[in-house]
Amino acid sequence: MTVHGFADVFVGRGEQLGLFTQGLANRRCQGFVVSGPAGVGKSRLAEECLARAAGKGFRVARATATAAAGTVPLGAIAHLVPTGVDLSDPVTAFATVARQLASRDGRALVLLIDDVHLLDAVSAVLVRQLMDAGVVRLLGTICSGAPVGDAVEALCRGDAVGRVDLAELDRGDVEELLKAVLGGPVAQRTLRELYAASRGNALYLRELVIGALDRGALVSDGEIWELATGPVRGTTRLVELISARLAAAGAEARPVLELLALCEPLSLTDAEQVASPEAVTELEYAGLVRVGQDGRRTSVALAHPLYGEVLRAGLPVTRRRALLLRQAERVEVRGMRRRADALHVASWRFTATGTADPPALTEAAALARYAHDYGQARALLQALPEKHHTTATRLMLGEALFELGEPQQAETVLAAAVAGAGNEQDRLAVTMARTFNLFWGAAEADAALAVNDAARAQVTSADALRMLQYCEGSMRIASGEAVRGLALLEDMEEDIHHAPDPVAWLTGALMKPLGLELVGRTGDAVAWAERAYAAHLTVDHHTLYPHPAVQLISLNHALSSHGRLAEAREVGRRGYAELARVTSTPVPQIWLAFSLGRTEWLAGHPASARRWYAEAAALARTHHHIRPLGPALSGLAACAAVLGDLEAAELACAEARNYLWPDVFAAEEYLGRAWLHAARGHLAQARTVLTDAARCARTAGLITPEAQLLTDIARLGGAKKVAGRLAELARQSDGALTGAGARLAAALAADAPDRLLAVATAFEQAGADLLAAEAAAAAAAAWQRAGQARRATAATSLAATIAGRCEDARTALLTAAAPTARLTDREREVAVLAATGTRSKDIADALHLSVRTVNNHLQHAYAKLGVTTRRELAGVLERSEPQHGPALRPAGRDAPGHRDDLLLDLRSERPGAWAEFTTIGSPG
């Protein structure tokens with residue numbers, strides 16, 4: 001992938017650039033000033049504004065004000081003063097400069113002055129006079145909070161000078177900027193860390209990215225850019241910039257900054273024990289710290305996260321140790337009243353000395369675990385001396401290692417925990433953690449089932465046996481044995497509070513919705529997934545179990561198969577955002593990214609799906625979580641193939657072959673190969689691959705996957721062979737996509753365009769855009785074969801409109817219909833006016849045409865677009881030509897089914913036109 005310079009990319013400032021453009025068009029506007037803190041991109045925006053001015057025919061010039069130039073009269077703009085002008089008489093000299101800079105066409109010179117607040121007074125006065133004379137328009141940048149002299153203040157104020165305050169880039173802008181600079185998308189974790197570290201400051205972001213690239217910490221796998229784990233560090237230049245900024249703090253205030261770098265946020269009371277209240281206030285005025293309310297406590301934090309990175313890097317070990325231990329003592333003296341105090345004190349002492357009081361370490365680890373900070377929990381528990389470990393601490397450590405993608409280490413710890421378990425309840429808890437880790441983390445399904453079976457032989461209570469039964473049921477579903485798994489979960493309580501063990505219930509509830517979805521009970525699956533998520537929220541802080549957002553994986557799947565793809569997308573993204581706030585939960589993030597990829601694939605958005613599949617694969621590789629790699633890579637290959645990127649599809653298929661085993665997504669692992677064959681034009685081979693996959697799904701009783709595979713076969717030319725079986729599956733499933741797939745196959749087999757259009761509507765309502773576009777395209781082709789040109793054109797137009805949402809997908813069915821003829825400029829002009837309800841006579845008057853000519857243009861437009869009424873015309877134009885402005889609305893009397901006022905115009909203009917109206921308004 002190509003890495004571009006930051007200076008080559010301009011994002012996130014469209015609104016401000018638009019304001020400048022408006023100012024250029026306003027003769028009364030004398031200037032435009034951009035203010036903001038250092039590094040937000042003021043100069044970059046100003047350069048873009050200057051280029052915009054030059055593009056519109058204005059003369060342009062630049063000047064850079066500096067502290068050194070500011071000590072010399074006209075130091076910054078001396079190069080603009082014509083040679084020979086006598087500056088000893090400023091009045092005459094300034095008038096001469098104005099005359100010589102004036103253009104013949106009366107257009108002002110757009111003058112860019114960077115850091116205008118550093119301009120000397122004489123230069124400021126001259127520029128002000130040139131602005132008042134209409135000779136110059138100022139384009140200036142000012143650093144927020146910088147001292148400004150009276151002359152510069154007069155230069156930049158007034159109604160005739162526009163001003164924008166530039167803030168940092170938001171997260172979306174940073175993502176767009178990174179994608180443009182790096183030449184490809186960045187992983188969500190990478191985006192989150194770079195955005196958090198830079199806070200949207202473009203200069204800081206640039207130095208962070210350059211630093212990471214230079215160190216090899218930011219790399220691409222060909223699909224997505226991923227940042228190595230660990231602290232985000234920038235360049236030497238960035239350190240120098242921030243160090244200079246921090247130097248604004250005096251010697252008295254420096255200890256506060258150092259302590260904040262290690263222990264933020266601090267209470268204001270603690271900060272004022274390190275330095276005087278006046279020193280803390282000065283830090284706030286200087287923009288180095290933020291002071292705010294945290295409940296009833298006033299807290300102090302560093303104004304930017306990079307300040308902490310630079311400060312920590314410069315702290316000697318002894319100084320760091322002293323600061324941490326002193327702060328721990330302060331909190332202990334207060335009695336550690338806040339819940340997080342125990343975690344903080346233990347962490348500070350551990351960081352300072354490498355150890356801490358064992359009970360404090362254990363308590364702190366438990367608090368970190370309940371906050372889902374598994375990295376912190378692991379560090380604290382691994383520091384615990386062996387003799388102080390218990391079954392509970394080993395269980396916590398094993399779970400943390402699993403969540404961090406270290407399944408082998410987790411199994412070692414959990415196996416030791418089993419040996420030390422003193423009662424049935426402890427053995428059961430550890431067994432469930434081991435099976436979860438072996439099955440999902442190490443991808444050792446047989447070993448996980450063996451551990452579960454061994455535990456069943458050692459427990460005696462009915463509740464314990466049921467818990468192990470639920471655990472096995474979950475693994476059976478995940479292994480593709482949905483029917484067998486659901487039977488084991490049949491007697492699960494619907495209310496977690498009635499269950500003997502919440503962990504066992506959550507384990508079953510995590511997989512039961514997926515099992516129900518697989519066997520075609522998608523409505524029940526949605527209900528169970530919603531119930532599981534709500535229940536998980538109620539017990540999250542009382543049980544050792546992953547984050548509640550893991551339940552949204554099943555909900556996303558169920559909603560997708562139920563035909564509610566827009567809801568599925570929203571749920572998946574919300575879940576991913578929840579997990580992103582917990583920095584050390586890679587395993588559920590991997591599966592949720594995969595699930596979002598599947599949702600976008602079903603929605604017919606291959607570029608978005610590819611992005612999520614790539615995210616899942618990259619995370620899985622980074623954290624050695626191999627189970628999702630096969631289906632994620634297969635999905636990525638299918639997306640790349642549909643997008644025409646055959647090389648990427650081949651690479652993904654080749655890698656996916658290393659990670660194939662029977663599980664719930666085994667059928668989906670065929671998709672990459674099938675769609676790669678299809679992209680090469682080998683439809684028969686694609687159908688063979690899909691047929692084998694569908695046979696596997698049918699053997700396992702997986703109704704929903706089989707239906708999806710058979711629908712793909714129908715799309716690739718095998719509709720007659722699969723229509724019957726799809727009809728059977730539709731009768732066994734309540735999934736909207738399964739039902740619509742059966743109707744699609746039947747309509748394709750019968751070559752029935754009316755039915756194909758109805759199916760297109762059903763798919764579009766479900767959010768399956770590519771399937772909807774394909775159905776409409778197939779209808780167009782069928783009508784072409786039947787000689788129904790107008791209907792074919794209308795269907796083609798519909799297909800093209802829906803396909804416009806499909807991110808340049810390329811499939812066989814989409815090419816079935818010929819492209820719609822384009823309107824001429826005059827036809828479009830007439831059509832737009834007609835679509836808003838304007839009568840033909842009024843259109844004729846407005847365009848200086850005859851009514852007959854207007855109606856002729858409308859005839860041509862109707863024929864090309866395949867419509868018969870002005871309401872239909874408005875719909876087509878609104879969908880396909882949004883650049884014409886606000887949504888078009890037909891006149892109120894143009895109700896559906898009416899022939900519109902073209903008929904009245906024709907009858908009044910040409911009495912014989914009634915006979916010709918069948919050509920204009922009739923279908924076909």
Side-chain angles (χ1 to χ4, degrees), residues 5-24 29-54 58 60-70 76-77 110-120 123-124 127 131 136-149 152-153 155-158 161-170 172-174 176-177 180-181 195 198-210 234 237-238 240-242 244-245 248 286-287 303-304 306:
F6 273 74
D8 300 328
V9 181
F10 182 74
V11 300
R13 305 305 191 195
E15 180 182 352
Q16 292 85 356
L17 185 59
L19 292 172
F20 172 76
T21 304
Q22 292 175 18
L24 278 180
C29 179
Q30 296 180 341
F32 188 77
V33 176
V34 182
S35 69
V40 296
K42 300 185 298 297
S43 298
R44 182 68 183 86
L45 173 60
E47 288 288 347
E48 199 70 24
C49 290
L50 197 67
R52 176 68 60 90
F58 284 85
V60 298
R62 290 178 176 83
T64 301
T66 64
I77 63 170
V110 178
L111 174 61
L112 168 58
I113 303 180
D114 223 352
D115 292 332
V116 71
H117 54 281
L118 298 177
L119 204 62
D120 65 276
S123 293
V127 172
M131 289 164 61
V136 162
R137 291 196 187 187
L138 172 67
L139 173 56
T141 67
I142 293 181
C143 189
S144 300
V148 177
V152 174
E153 180 67 25
L155 185 68
C156 299
R157 70 177 178 225
V161 178
R163 180 167 179 146
V164 294
D165 295 313
L166 210 58
E168 285 80 4
L169 297 170
D170 63 25
D173 293 333
V174 168
E176 184 183 350
L177 177 59
V181 168
Y195 178 68
S198 67
R199 291 268 178 90
N201 184 296
L203 174 60
Y204 290 177
L205 179 65
R206 174 185 183 275
E207 298 303 317
L208 289 170
V209 169
I210 290 174
R237 177 178 180 238
L238 179 59
E240 291 171 350
L241 287 169
I242 293 175
R245 181 90 174 87
H304 199 284
L306 289 179

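In this text the structure is predicted, and so the values were computed from the model without any measurement. Values below: every heavy atom of this structure, side chains too, minus hydrogens, waters and symmetry copies.
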Any residue meeting salt bridge (charged side-chain N to carboxylate O under 4.0 Å, His left out) with D170, in chain and number order, not counting sequence neighbours
none
Nearest heavy-atom pair of C29 and G23: which atoms, and what distance?
CB-O, 3.3 Å
Any chance you could measure L118, atom CG, to C143, atom SG, to the nearest 0.5 Å?
9.0 Å
Donor-acceptor contact below 3.5 Å, side chain K42 vs main chain V34
no
Minimal non-hydrogen separation, L203 against N201, with atom names
N-OD1, 3.1 Å
Given I113, which of L119, V33, T141, L139 fulfils the side-chain contact (heavy atoms from CB on, under 4.5 Å) condition?
L119
For the pair E207 and E240, evaluate side chain to side chain contact (heavy atoms under 4.5 Å, CB included) and give the outcome as yes or no after the intermediate values.
CA-CA 11 Å; E207 298 303 317; E240 291 171 350; over 6 Å; no
Is any side-chain heavy atom of H304 less than 4.5 Å from a side-chain heavy atom of I242?
no
Separation between CZ of R137 and CG of L24, rounded to the nearest 0.5 Å:
6.0 Å
Can you name the closest pair of heavy atoms from D114 and S43 and give their distance?
OD2-OG, 2.7 Å
Nearest 0.5 Å please: distance from the OH atom of Y195 over to the CG atom of L177.
13.0 Å
Would you say that F32 contacts L19 through its side chain, given a criterion of any heavy-atom pair below 4.5 Å between the two side chains?
yes
Rounded to the nearest 0.5 angstrom, the CZ-CD1 distance for R163 and I142 is 5.0 Å
Locate the shortest heavy-atom distance separating L238 from Y204; write the atom from each residue and the value.
CD1-CD2, 3.5 Å
By side-chain hydrogen bond (donor to acceptor under 3.5 Å, both in side chains) - contacts of Q16 (at least two apart)
none
Let me confirm one number: the CG-CG distance from L45 to L50, rounded to the nearest 0.5 Å.
11.0 Å
State, to 0.1 Å, how close G234 and L208 come at their nearest heavy-atom pair, and which atoms those are.
N-CD2, 3.8 Å
Check step by step if side chain to side chain contact (heavy atoms under 4.5 Å, CB included) holds for R199 and L306.
CA-CA 9 Å; R199 291 268 178 90; L306 289 179; over 6 Å; no
Output yes when R44 and E48 qualify as a salt bridge under the 4.0 Å nitrogen-oxygen rule, no when they do not.
yes
Residues that E47 engages under salt bridge (charged side-chain N to carboxylate O under 4.0 Å, His left out), provided they are two or more places apart
R62
